Q: 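Below: one structure in structure tokens.
This structure is a prediction, so every number in the text was calculated from the model and none was measured. Protein chains get the first letters and strands the later ones, always in sequence-line order, with residue 1 at the start of each.
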Protein chains: 2
Amino acid sequence: MPRPRTPLLSRDRIRAAALALIDKDGLAELSMRKLAQELGVQAASLYSHYKTKEALLDEIGVQILDKVDVTGFAGSDWRAGLTGWARSYRAALAAHPNFVPYLASGPGRHPAALEIADKIHGGLIRAGWPPRYATMIGASTKYLVLGAALTSFARGFDADTQVYLDRYPNLGQAHLLQQMADEIDTDSFELALTAFLDGLDRLRPTLGHLGQPGHE
Amino acid sequence: MPRPRTPLLSRDRIRAAALALIDKDGLAELSMRKLAQELGVQAASLYSHYKTKEALLDEIGVQILDKVDVTGFAGSDWRAGLTGWARSYRAALAAHPNFVPYLASGPGRHPAALEIADKIHGGLIRAGWPPRYATMIGASTKYLVLGAALTSFARGFDADTQVYLDRYPNLGQAHLLQQMADEIDTDSFELALTAFLDGLDRLRPTLGHLGQPGHE
DNA sequence: ACCTGAACACCGTTCAAGT
DNA sequence: ACCTGAACACCGTTCAAGT
């Protein structure tokens with residue numbers, strides 16, 4: 001068969017097709033062979049563009065996390081910075097729930113992740129938090145986001161939701177269940193984030209370190 | 001070969017060997033064939049005891065979560081109940097970090113998980129929280145525990161820790177790194193839990209529902 | 001440089017057959 | 001009831017070969 005003038009594949013096409021398959025059928029269903037078939041090509045061809053399946057998944061991860069927003073840390077309002085980061089982070093994960101387990105499993109050490117962690121750390125320090133607290137607050141917020149993204153998105157109903165439904169059986173109309181689960185998820189996340197930040201606010205004065213940094 | 005008087009395998013032996021392999025080499029490294037070899041048996045033999053690999057993993061999950069403690073909800077101190085649950089939950093996961101991704105990926109809907117969720121929900125309601133808040137608080141706490149268990153245990157250092165180390169390079173003595181990561185993890189979790197509970201405390205009076213339930 | 005076809009070393013699972 | 005050996009339908013990945 002003659003080689004086409006333009007390559008059949010590209011990294012972007014491969015990523016897009018892979019993510020579409022993951023979104024549709026789940027992470028476990030993605031195989032290099034199925035992906036190749038979807039792209040009208042042999043499985044081995046994919047290895048001309050990505051060295052391994054893992055390299056492909058890693059780059060999909062980077063692409064998804066590209067939408068995480070840390071611009072809120074530009075000012076001196078650390079709450080705004082954290083809130084903006086956490087919400088955009090969660091939204092990025094929620095856009096591809098089936099991919100979340102992959103992101104949650106490996107340590108995030110891509111340059112982009114490091115850059116984000118650095119922005120957050122810097123923003124918190126500029127707001128007067130001691131370095132160690134900056135680290136812990138960043139980590140804690142990530143716990144919330146990852147936990148929230150993992151626990152229930154598009155994942156059937158977990159025990160919490162089930163208990164809620166059992167106790168209030170009048171809510172059991174089938175067509176409301178998915179909406180209900182999404183709502184409980186979002187509300188739980190917002191409650192957790194607000195309560196966490198409120199708790200930090202209360203704790204802050206007791207630290208006895210440098211006060212507010214003047215402006216704002 | 002004559003059939004031995006006593007079966008070579010048992011569900012308990014299989015689970016123990018499987019979990020040992022997972023603890024040692026990671027979840028991805030566990031295969032039914034390797035597990036069988038470890039047990040001195042053919043892979044097909046395992047299927048006389050567990051219907052599928054997934055059924056085996058599920059039961060390992062139940063076994064691990066068996067150590068989660070919800071007795072703290074017996075009294076009327078909801079903070080003590082939540083704290084005890086969250087800490088024992090996290091400790092149970094931390095005991096087998098390589099298994100956490102499996103627990104985090106599927107919805108927890110075993111009867112045991114439901115029973116726990118019910119105890120928590122009941123305890124919070126008895127403490128005066130409106131039902132919807134009870135659900136959200138339970139979910140939020142689970143976010144924290146799962147996020148904390150996933151993010152860094154025995155998982156190399158993620159971006160947060162890396163930033164911390166980069167900024168304080170004098171901490172870079174190799175033999176202190178693991179201990180440091182564990183410490184940051186634990187402290188972050190405790191900070192998150194405390195701040196979250198403090199935030200809830202502050203929020204509670206504004207709900208305008210039934211006050212404290214008298215005693216304590 | 002990019003793609004193919006065939007191969008290699010693995011998987012989970014099934015099933016007839018043995019005891 | 002429990003275990004084996006062989007098979008089936010899959011995997012990820014490699015590699016010589018073609019263009």
Side-chain angles (χ1 to χ4, degrees), chain A residues 1-63 98-99 101-103 105-106, chain B residues 1-63 98-99 101-103 105-106:
Chain A
M1 206 189 286
R3 174 151 81 100
R5 228 171 271 306
T6 60
L8 293 172
L9 295 177
S10 72
R11 291 166 77 91
D12 299 85
R13 271 198 72 214
I14 293 172
R15 277 203 312 279
L19 188 50
L21 278 178
I22 291 168
D23 285 342
K24 183 157 66 77
D25 299 326
L27 195 55
E29 288 301 308
L30 178 76
S31 77
M32 295 303 263
R33 285 172 155 91
K34 283 188 203 162
L35 176 54
Q37 189 177 20
E38 193 75 16
L39 290 161
V41 104
Q42 294 301 114
S45 311
L46 298 169
Y47 291 84
S48 297
H49 300 265
Y50 282 104
K51 206 178 167 192
T52 62
K53 185 185 184 184
E54 203 189 340
L56 166 59
L57 291 176
D58 282 348
E59 208 161 284
I60 292 174
V62 171
Q63 171 187 327
N98 289 345
F99 193 75
Y102 186 81
L103 286 173
S105 287
Chain B
M1 207 190 288
R3 174 152 82 99
R5 239 173 256 311
T6 59
L8 294 173
L9 295 177
S10 72
R11 291 167 77 90
D12 300 85
R13 272 198 71 216
I14 294 173
R15 275 203 314 278
L19 188 49
L21 279 178
I22 290 168
D23 285 342
K24 183 158 65 76
D25 299 327
L27 194 56
E29 288 301 307
L30 179 77
S31 76
M32 297 302 264
R33 285 173 155 91
K34 284 188 202 162
L35 176 55
Q37 190 178 18
E38 193 76 16
L39 290 162
V41 103
Q42 295 300 116
S45 310
L46 298 169
Y47 291 84
S48 297
H49 301 264
Y50 283 104
K51 208 178 166 191
T52 61
K53 185 185 185 184
E54 201 190 342
L56 167 57
L57 291 176
D58 282 348
E59 208 162 284
I60 292 175
V62 170
Q63 171 186 325
N98 288 344
F99 193 75
Y102 186 81
L103 286 172
S105 286

Q: Could you spell out the base pairing of DNA chain C in dot-bracket, with Watson-Crick or G-U pairs whose two distances are under 3.5 Å, [ ] crossing and | to another strand?
A: ||.|||||...|||||.||
Q: Which residue pairs pass the salt bridge (Lys or Arg N to Asp or Glu O under 4.0 Å) test with at least one member in residues 36-58 of chain B, sequence neighbours excluded?
A: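 Found none.
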Q: Could you list by number each residue of residues 21-43 of chain B showing a heavy-atom separation from DNA chain D of less than 4.0 Å, or answer none if no residue does?
A: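 Listed by number, they are B:Arg33, B:Val41, B:Gln42.
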Q: List in numerical order all residues of residues 46-59 of chain B for which some heavy atom is under 4.0 Å away from an atom belonging to DNA chain D.
A: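 Output list: B:Ser48, B:His49.
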Q: For residues 14-30 of chain A, which side-chain donor-acceptor pairs fall under 3.5 Å, sequence neighbours excluded?
A:
| unit_1 | atom_1 | unit_2 | atom_2 | d |
| --- | --- | --- | --- | --- |
| A:Arg15 | NE | A:Gln63 | OE1 | 2.7 |
| A:Arg15 | NH1 | A:Tyr50 | OH | 2.9 |
| A:Arg15 | NH1 | A:Glu59 | OE2 | 2.8 |
| A:Arg15 | NH2 | A:Asp12 | OD2 | 3.0 |
| A:Asp23 | OD1 | A:His96 | ND1 | 3.0 |
| A:Asp23 | OD2 | A:His96 | ND1 | 2.9 |
| A:Glu29 | OE1 | A:Lys34 | NZ | 2.9 |

Q: Whole Å only: how far is the CG atom of B:Leu8 from the C1' atom of D:dC3?
A: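 Result: 7 Å.
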Q: Give every donor-acceptor pair under 3.5 Å between a side-chain atom in residues 42-49 of chain B and any protein atom, sequence neighbours left out.
A:
| unit_1 | atom_1 | unit_2 | atom_2 | d |
| --- | --- | --- | --- | --- |
| B:Ser45 | OG | B:Gln42 | O | 3.1 |

Q: State whether B:Ser45 places a side-chain N or O below 4.0 Å from either non-bridging phosphate oxygen (OP1 or OP2) of D:dC2.
A: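 Checking B:Ser45 against D:dC2: no side-chain N or O falls below 4.0 Å of OP1 or OP2.
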